[in-house]
Asks: 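Dropping the structure in here first, questions after.
Lettering of chains follows the sequences in order, A, B, ..., and the numbering in each one begins at 1.
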Amino acid sequence: MEITTLLQNEFAVEFESALILEIADCGELRTIAPHTPMMEIGQEISRIPLLVSGSIKIFTEDASGDELFLYYLEHGDTCAMTLKCCTGKKKSTISAITDEETTIIFIPVQKMDEWMVKYVSWRNFVLDSHHSRMQELLEAVDSLAFMNMEERLKKYLHDKVLVSKSAEIQITHAEIARDLHSSRVVISRLMKKLENNGEVVQSRNKVSLPEYAQKLK
DNA sequence: TCATTAACACGGG
DNA sequence: CCCGTGTTAATGA
């Protein structure tokens with residue numbers, strides 16, 4: 001789709017029209033395949049991503065190099081890390097991987113400062129975005145510190161369903177275990193328990209939450 | 001007690 | 001057959 005049309009369809013409420021024209025002018029529209037790494041830890045940031053559709057998983061990394069899932073970026077989101085890093089020429093401390101086919105508009109870093117001054121809507125966008133990312137980060141920390149694995153698993157499935165906008169999720173127990181820093185044995189056991197409670201329906205490579213079946217019709 | 005690791009059986013694609 | 005799933009036994013925190 002044409003970038004200008006896309007912007008007008010998706011972001012007309014969010015951004016003033018002059019800003020939309022500028023984004024259309026310098027932004028680069030790209031569609032990225034599922035499960036493509038977008039950002040590695042330590043990588044320098046040169047462009048600001050603006051999510052149009054799809055979703056991106058954001059991870060942090062522990063000392064031993066294992067990834068821990070933090071939160072998703074969705075439509076209208078941008079990366080808080082990027083916003084901070086690109087002004088200070090810092091390196092990324094997170095990694096990002098597309099979760100499904102994802103459409104992104106990339107904006108050159110140089111425009112950041114210029115637009116912050118020039119456009120109220122951009123300034124608000126950046127501040128709001130930073131705020132909601134902070135909120136999600138707190139939730140992630142909270143679930144790590146205070147929730148047991150069963151609650152974390154439920155939250156994980158719940159989030160995944162909301163992001164994919166489908167009651168049915170394509171995932172294996174092993175993948176969940178990796179994201180949550182657990183083992184497959186534990187996930188299998190908990191999933192079985194959830195299934196017996198009628199909270200999930202499972203089949204190979206697939207989980208669905210009946211709870212959302214009607215809601216997301 | 002509960003998580004992890006390794007090992008194994010089952011079964012669907 | 002391959003791989004995801006469900007279980008168990010041993011071990012450790």
Asks: A/Lys206 NZ to B/dG12 C1': how many Å, rounded?
Replies: 13 Å
Asks: What nucleotide, of B/dT5, B/dA3, C/dT5, holds the atom closest to the side chain of A/Ser188?
Replies: C/dT5
Asks: Please state how far atom CG in A/Leu190 lies from atom C1' in C/dT5, giving the value in whole angstrom units.
Replies: 14 Å
Asks: Give the rounded distance in Å between these two atoms: CG of A/Leu194 and C1' of C/dT5.
Replies: 15 Å
Asks: Give the rounded distance in Å between these two atoms: CD1 of A/Ile187 and C1' of C/dG6.
Replies: 14 Å
Asks: Please check if the side chain of A/Thr36 supplies one atom and the backbone of A/Thr98 the other of a donor-acceptor pair under 3.5 Å.
Replies: no
Asks: Reckon A/Ser183 touches a base, only the sugar-phosphate, or nothing at all at heavy-atom distances under 4.0 Å?
Replies: base
Asks: Whole angstrom is fine here: how far is it from NE2 in A/His173 over to P in B/dC10?
Replies: 20 Å
Asks: Return the value, rounded to whole Å, for the distance between atom CD1 of A/Ile171 and atom C1' of C/dC3.
Replies: 16 Å
Asks: Whole angstroms only, please: what is the CD-P distance between A/Glu195 and C/dG6?
Replies: 6 Å
Asks: Heavy-atom nearest nucleotide on DNA chain B for A/Arg184 versus A/Arg189: which residue maps closer to 5'?
Replies: A/Arg189
Asks: Without decimals, in angstroms, what is the distance between A/Met191 CE and C/dG6 P?
Replies: 8 Å
Asks: For the rings on A/Tyr119 and A/Phe15, is their centre-to-centre separation under 6.0 Å?
Replies: no
Asks: Can you name the ring-ring contact (aromatic ring centres under 6.0 Å, His included) partners of A/His35, sequence neighbours left out?
Replies: none
Asks: Under 3.5 Å, sequence neighbours excluded: what are the donor-acceptor pairs made by side chains of residues 50-60 of chain A?
Replies:
from    : atom 1 : to       : atom 2 : distance (Å)
A/Ser53 : OG     : A/Thr103 : OG1    : 3.2
A/Ser55 : OG     : A/Glu100 : OE2    : 2.6
A/Lys57 : NZ     : A/Asp179 : OD2    : 2.5

